[in-house]
There are 2 protein chains.
Amino acid sequence: MSTRIDSTFAALSDPTRRAILTMLLEDDMAVTDVAEPFDMSLAAISKHLTVLSRAGLISQEKRGRVKWCKLEPDAMRDASVWMQGFGQFEPVDLDGLERFLEKELGD
Amino acid sequence: MSTRIDSTFAALSDPTRRAILTMLLEDDMAVTDVAEPFDMSLAAISKHLTVLSRAGLISQEKRGRVKWCKLEPDAMRDASVWMQGFGQFEPVDLDGLERFLEKELGD
DNA sequence: GAAATCGTCAACCGATTGGTTAAATATTCC
DNA sequence: GGAATATTTAACCAATCGGTTGACGATTTC
């Protein structure tokens, strides 16, 4: 039996999928547009999106022939809460977040 | 090329490994004692500990014939920071943390 | 020094993962 | 209706994963 939090962490363990989530931070996107920057087949990206969707990290809505992908940040809450049980580290690390955004959105 | 954060999330995606980390919240433990509550061979637990160790989530120190396992919560920081980029949810969710601790340490 | 204890290693297994290509299915445009 | 576009599906592949068992090496105990 695989739980929700299992699939959340598993989905996040792949750099392509994390990059996709970061792209979706900026705006909702069609599958083809999600795939564009990656050196990978559309079918592969489609599979990654299925993984993200099953983990609840994104939702997908088909309008016409285009399937729109939307970030669903709530799904990260459980995982985030889980992790905070282990931290003596700052739960809000603004410097870290800034570095993260520069690095992720920068390239 | 697999990065540090990849292996952190991958390590956290397995319920046995998360349970081990929760046990180590309470105290450092020897490998045999970590294995005791699980319906699984010692070798399997040893592998799980290797995964956690490579992800930097625990450290292991051998004293005599006993290998002590220690939680290293710092390794979660990068992953935690990464996730916080996606949250409109509360970064410090005390109610959630409380429920988490009850559930994880309770059984 | 022999026996018990602690833990890892090696070989194996079936299932899953992350990718490919090629074909199929909608949908829209002309 | 036929061509182009958007996306998924199917079949396949090599690599990794999570588990097993059995042998092994190191350490402690008697």
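A note on names: the letters A, B, ... follow the listed sequences, proteins ahead of strands, and every chain is numbered from 1. Every heavy atom of this structure was used, including side-chain atoms; hydrogens, water molecules and symmetry mates were not. Everything quoted here is computed from the prediction, not taken from an experiment.
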Side chains of A/R18 and B/F9: does their closest heavy-atom pair fall under 4.5 Å? yes
For B/G85 and A/L25, the nearest pair of non-hydrogen atoms, with its separation, is O-CD2, 3.7 Å
Minimum-distance pair of heavy atoms, taken over all atoms of A/E72 and A/I58: CG-C, 3.6 Å
Return the minimal non-hydrogen interatomic distance between B/A79 and A/M83, and the atom names on each side. CB-CE, 3.5 Å
Phosphate-side-chain proximity, A/S46 and D/dT8, N/O vs OP1/OP2 below 4.0 Å: yes
Mind calculating the distance between CD1 (A/I20) and P (D/dT7) to the nearest angstrom? 13 Å
Between A/M40 and A/I45 the two heavy atoms that sit nearest each other are SD-CD1, 4.0 Å
Do A/W82 and B/T22 have side chains that get closer than 4.5 Å, going by heavy atoms? yes
Starting at CZ of B/R63 and ending at C1' of C/dT5, how long is that distance when rounded to a whole Å? 17 Å
Quick one, which residues of residues 65-72 of chain A touch DNA chain C with a heavy atom under 4.0 Å? A/R65
Return a single string for nucleotides 16-22 of chain D, one symbol per nucleotide in 5' to 3' order, where B is base contact, S is sugar-phosphate-only contact and - is none, cutoff 4.0 angstrom on heavy atoms. --SBBB-
A/M29 atom CE is separated from D/dT7 atom C1', nearest whole Å, by 15 Å
Out of C/dT27, C/dG7, D/dT8, whichever nucleotide has its closest atom nearest the side chain of A/K62: C/dT27
Please report the distance, rounded to the nearest Å, between CG in B/D33 and C1' in C/dC6. 11 Å
Between B/S80 and B/Q84, is a side-chain hydrogen bond (donor to acceptor under 3.5 Å, both in side chains) present by the stated rule, with each step listed? CA-CA 6 Å; B/S80 176; B/Q84 284 173 31; 3.2 Å; yes
Specify the separation, in whole Å, of atom CG of B/L49 and atom C1' of C/dC6. 13 Å
Minimum-distance pair of heavy atoms, taken over all atoms of B/A55 and B/R4: O-NE, 3.2 Å
B/I58 has an atom CD1; how far is it from atom P of C/dG7, in whole Å? 12 Å
Begin with the C-alpha distance, continue with both residues' side-chain angles, and end with the deciding distance and a verdict on side chain to side chain contact (heavy atoms under 4.5 Å, CB included) for B/I20 and B/F38. CA-CA 10 Å; B/I20 291 173; B/F38 296 99; 3.9 Å; yes
Tell me the interatomic distance from A/D6, atom CG, to C/dT17, atom C1', rounded to whole angstroms. 16 Å
